Amino acid sequence: MIKSFGNKTKVAVFISGRGTNLKSLFYFSKKKKSKVEICIVISNKKYAKGLNFAKKQNIKFQTYTFKNNLKDELKVLQILKKKNINLICLAGFMKILSKEFIKRFKGKIINIHPSLLPKYKGLDTHNRAINNNDKYSGCTVHYVTPKLDSGKIILQRKVKIFKNDNAKSLKKRILKQEHKIYPKALKMILN
Ligand code: GAR
């Protein structure tokens with residue numbers, strides 16, 4: 001369970017790209033009785049599309065180069081501390097955080113992954129599920145630990161793979177479910 005300051009949990013969302021999961025988390029945070037406040041968006045890509053959304057919604061955002069060592073991440077840790085962040089949501093963040101960083105936010109970093117973990121950790125999940133003739137793929141929200149895509153699972157949703165699916169069509173259907181389960185998972189861990 002995540003402890004919060006005041007009555008809202010202060011969240012930082014880390015992105016690298018489009019930011020559609022960021023959007024779904026943001027709209028969730030704006031719901032009546034929401035216990036979540038998205039205080040900052042952090043990106044490792046200066047031109048991540050999701051930053052336009054942050055700008056439009058007046059969410060503070062920063063870009064950093066993440067080089068997977070604590071020295072480079074210290075600046076990020078500083079701003080998270082300054083903003084009293086008590087939960088980090090990785091939402092399409094394609095960098096691997098250092099062990100030390102994860103330790104400092106132990107139990108307070110969650111991620112959404114486009115597969116039914118423990119299957120298909122890492123990249124190219126949709127192609128791998130199709131090529132393996134799986135009947136289902138899906139998405140998973142899980143805690144982040146130093147071992148890639150291996151932390152405790154919070155919530156998963158199955159998505160059927162059709163015969164005529166390709167990575168693009170499957171990805172689209174899974175993404176739709178991601179937008180549903182990420183806020184739901186947040187609700188679960190904050191209640
Ligand atoms: C999502 O499908 C997310 O599950 C995936 O990147 C996409 C980001 O989309 N994350 C990973 O693959 C992490 N290993 P978005 O930028 O539109 O939210």
Side-chain angles (χ1 to χ4, degrees), residues 11-30 36 38 40-57 59 61-64 66 68 76 87-99 101-102 105 108-132 134 136-161 165-186 188-189:
V11 174
V13 182
F14 284 27
I15 64 165
S16 299
R18 277 172 316 186
T20 63
N21 277 293
L22 162 67
K23 270 190 197 174
S24 93
L25 291 176
F26 177 76
Y27 292 132
F28 168 71
S29 77
K30 289 296 169 193
V36 173
I38 296 179
I40 190 161
V41 173
I42 305 273
S43 172
N44 64 313
K45 294 262 191 220
K46 209 170 171 185
Y47 300 106
K49 222 173 144 189
L51 293 178
N52 298 333
F53 177 77
K55 211 178 203 172
K56 228 165 110 185
Q57 301 297 341
I59 314 168
F61 62 90
Q62 298 266 355
T63 52
Y64 296 94
F66 282 80
N68 193 244
V76 184
L87 177 67
I88 297 173
C89 293
L90 306 184
F93 183 67
M94 303 310 276
K95 282 275 175 180
I96 295 175
L97 295 165
S98 73
K99 278 186 188 137
F101 185 102
I102 294 170
F105 264 85
K108 294 178 181 172
I109 310 177
I110 62 174
N111 180 42
I112 183 132
H113 184 76
S115 80
L116 291 174
L117 289 172
K119 267 193 154 177
Y120 311 124
K121 297 171 184 174
L123 300 175
D124 202 23
T125 55
H126 309 298
N127 268 320
R128 286 157 71 200
I130 290 171
N131 293 340
N132 205 28
D134 289 356
Y136 292 93
S137 187
C139 43
T140 305
V141 181
H142 65 96
Y143 285 101
V144 172
T145 60
K147 212 169 162 206
L148 184 72
D149 298 330
S150 300
K152 189 177 167 219
I153 291 170
I154 302 164
L155 193 61
Q156 283 189 313
R157 185 152 298 168
K158 265 184 171 179
V159 172
K160 194 165 169 42
I161 301 178
D165 258 329
N166 54 36
K168 198 174 164 197
S169 60
L170 180 61
K171 184 176 179 173
K172 201 171 159 191
R173 283 206 316 286
I174 291 179
L175 192 63
K176 253 191 177 170
Q177 297 307 318
E178 291 184 31
H179 299 157
K180 291 183 182 162
I181 69 162
Y182 213 170
K184 231 178 179 178
L186 259 188
M188 280 168 64
I189 63 169

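Values reported hereafter were calculated over all heavy atoms of this structure, with side chains retained and with hydrogens, waters and symmetry mates removed. Source: prediction; values computed, not measured. Along the sequence shown, residues carry numbers from 1. As the structure lists them, so they are numbered: ligands from 1, and atoms in each ligand from 1.
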Open item on the list: Determine whether His142 and His113 satisfy the following criterion, side-chain contact (heavy atoms from CB on, under 4.5 Å), listing intermediate values before the conclusion.
Closed with: CA-CA 8 Å; His142 65 96; His113 184 76; 4.2 Å; yes
Report, one line per pair, each donor and acceptor closer than 3.5 Å where one atom sits in a side chain of residues 144-151; sequence neighbours left out.
{"unit_1": "Thr145", "atom_1": "OG1", "unit_2": "Lys147", "atom_2": "O", "d": "3.4"}
{"unit_1": "Asp149", "atom_1": "OD2", "unit_2": "Gly122", "atom_2": "N", "d": "2.8"}
{"unit_1": "Ser150", "atom_1": "OG", "unit_2": "Lys121", "atom_2": "NZ", "d": "3.2"}
{"unit_1": "Ser150", "atom_1": "OG", "unit_2": "Leu148", "atom_2": "O", "d": "2.8"}

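- Partners of Gln62 under the side chain to side chain donor-acceptor pair (under 3.5 Å) rule, at least two apart in sequence or in another chain, do not exist in this structure.
- Within the 3.5 Å criterion, the main-chain N or O of Asp134 finds no donor-acceptor partner in the side chain of Asn132.
- Using a 4.0 Å heavy-atom criterion, the residues that approach ligand 1 are Arg18, Gly19, Thr20, Asn21, Gly92, Met94, Ile112, His113, Pro114, Leu175, Glu178.
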Below 3.5 Å, can you tabulate the donor-acceptor pairs from side chains in residues 11-20 to any protein atom, sequence neighbours excluded?
{"unit_1": "Ser16", "atom_1": "OG", "unit_2": "Asn44", "atom_2": "OD1", "d": "2.7"}
{"unit_1": "Ser16", "atom_1": "OG", "unit_2": "Gly92", "atom_2": "O", "d": "3.4"}
{"unit_1": "Ser16", "atom_1": "OG", "unit_2": "Met94", "atom_2": "N", "d": "2.8"}
{"unit_1": "Thr20", "atom_1": "OG1", "unit_2": "His179", "atom_2": "NE2", "d": "2.8"}

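- Few gaps surround NZ on Lys160; more than 12 heavy atoms of other groups in view lie less than 6.0 Å from it.
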